[in-house]
Amino acid sequence: EEDLLNDVCREVVERWSDSQVVDAKEEKEDEVQAIASMMEKQARIVVKPKEVSQEEKQRKAALLAQYANVTDEEEYPFPALLRAQHPALFRNTNVEDVLNARKLERELLRDEFQKKKEQDKLQREKDKLAKQERKEKEKKRTQKGERKR
């Protein structure tokens, strides 16, 4: 009976290991099939070329021609008259904005520091007064004890 039991156990283990190998092969085949189907879908997707109208082509050609004709001596790309009328259009304010933001931040930090400094000073004064009051109470208590003796 023991030999029969060992044979049965061995057979169960062998069949189980065989089924695991088959499952792994099926999973690999499923993965390969999924990848192949995705690649087929991507291959089917065709990007349609953008249709550009004749008017847009002409506008683009005119702009390119305009910029191609600009020389170093000319005002690029706007004349001085237009710049005088709208100075904000031609002035880079990024640096000023960053500097102003930093300045504002420093001022806020300075104000916060000043407030904290004042609060610390008031707290020190309160602590000093409280300490002094404790000393006075202790002094009175000791005086009462000495009187009773």
Side-chain angles (χ1 to χ4, degrees), residues 9-10 12-149:
C9 288
R10 190 176 304 113
V12 168
V13 170
E14 287 175 2
R15 287 189 182 184
W16 179 81
S17 62
D18 290 343
S19 69
Q20 292 298 316
V21 171
V22 170
D23 288 344
K25 288 180 182 177
E26 288 176 1
E27 286 179 10
K28 287 181 182 178
E29 290 174 1
D30 289 342
E31 289 177 8
V32 170
Q33 185 64 30
I35 292 172
S37 66
M38 284 194 313
M39 291 175 68
E40 288 174 4
K41 287 179 184 177
Q42 286 181 348
R44 280 187 239 138
I45 297 174
V46 177
V47 178
K48 296 179 182 178
K50 183 179 176 183
E51 295 180 15
V52 182
S53 68
Q54 188 66 24
E55 182 181 317
E56 290 176 357
K57 288 180 184 178
Q58 289 175 351
R59 188 179 313 136
K60 185 175 179 181
L63 276 173
L64 290 174
Q66 177 186 355
Y67 286 115
N69 292 333
V70 173
T71 64
D72 292 338
E73 297 147 7
E74 292 179 358
E75 290 287 330
Y76 180 78
F78 301 103
L81 177 63
L82 187 60
R83 191 175 296 152
Q85 291 173 351
H86 302 286
L89 291 176
F90 304 100
R91 205 167 122 222
N92 187 354
T93 59
N94 291 341
V95 174
E96 291 176 13
D97 291 344
V98 169
L99 291 176
N100 288 336
R102 286 184 183 167
K103 186 176 179 182
L104 182 62
E105 185 179 352
R106 281 195 306 270
E107 289 175 5
L108 290 173
L109 290 173
R110 190 178 305 124
D111 291 344
E112 288 178 15
F113 176 74
Q114 195 65 28
K115 286 179 185 176
K116 186 179 181 328
K117 192 175 175 182
E118 291 173 7
Q119 287 176 351
D120 290 347
K121 186 176 179 181
L122 290 174
Q123 188 63 39
R124 281 194 301 272
E125 288 177 10
K126 286 181 183 177
D127 292 345
K128 189 176 179 181
L129 287 174
K131 186 177 179 182
Q132 193 175 9
E133 287 177 10
R134 281 195 303 272
K135 282 185 180 179
E136 289 176 6
K137 285 182 182 179
E138 182 66 28
K139 200 177 195 181
K140 287 180 183 177
R141 196 177 319 125
T142 54
Q143 285 176 356
K144 283 183 183 178
E146 288 176 5
R147 284 184 199 157
K148 289 181 181 178
R149 287 188 201 171

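The shortest distance between side-chain heavy atoms of Asp127 and Arg124 does not fall below 4.5 Å.
Rounding to the nearest 0.5 Å places CD of Gln143 at 10.5 Å from CD of Glu136. To the nearest 0.5 Å, atom CD of residue Gln132 and atom NZ of residue Lys139 are 10.0 Å apart. Atom CD of Gln58 sits about 8.5 Å away from atom OG of Ser53, to the nearest 0.5 Å. In this structure, NZ in Lys137 is found 9.0 Å from NZ in Lys140, a value given to the nearest 0.5 Å.
The side chain to side chain donor-acceptor pair (under 3.5 Å) test with Asp120 is passed by exactly one of Lys117, Gln123, Lys116: Lys116.
No more than 12 heavy-atom neighbours from other residues, nucleotides or ligands sit within 6.0 angstrom of CD on Glu55.
Screening residues 98-112 for side-chain hydrogen bond (donor to acceptor under 3.5 Å, both in side chains), with sequence neighbours left out, gives no hits.
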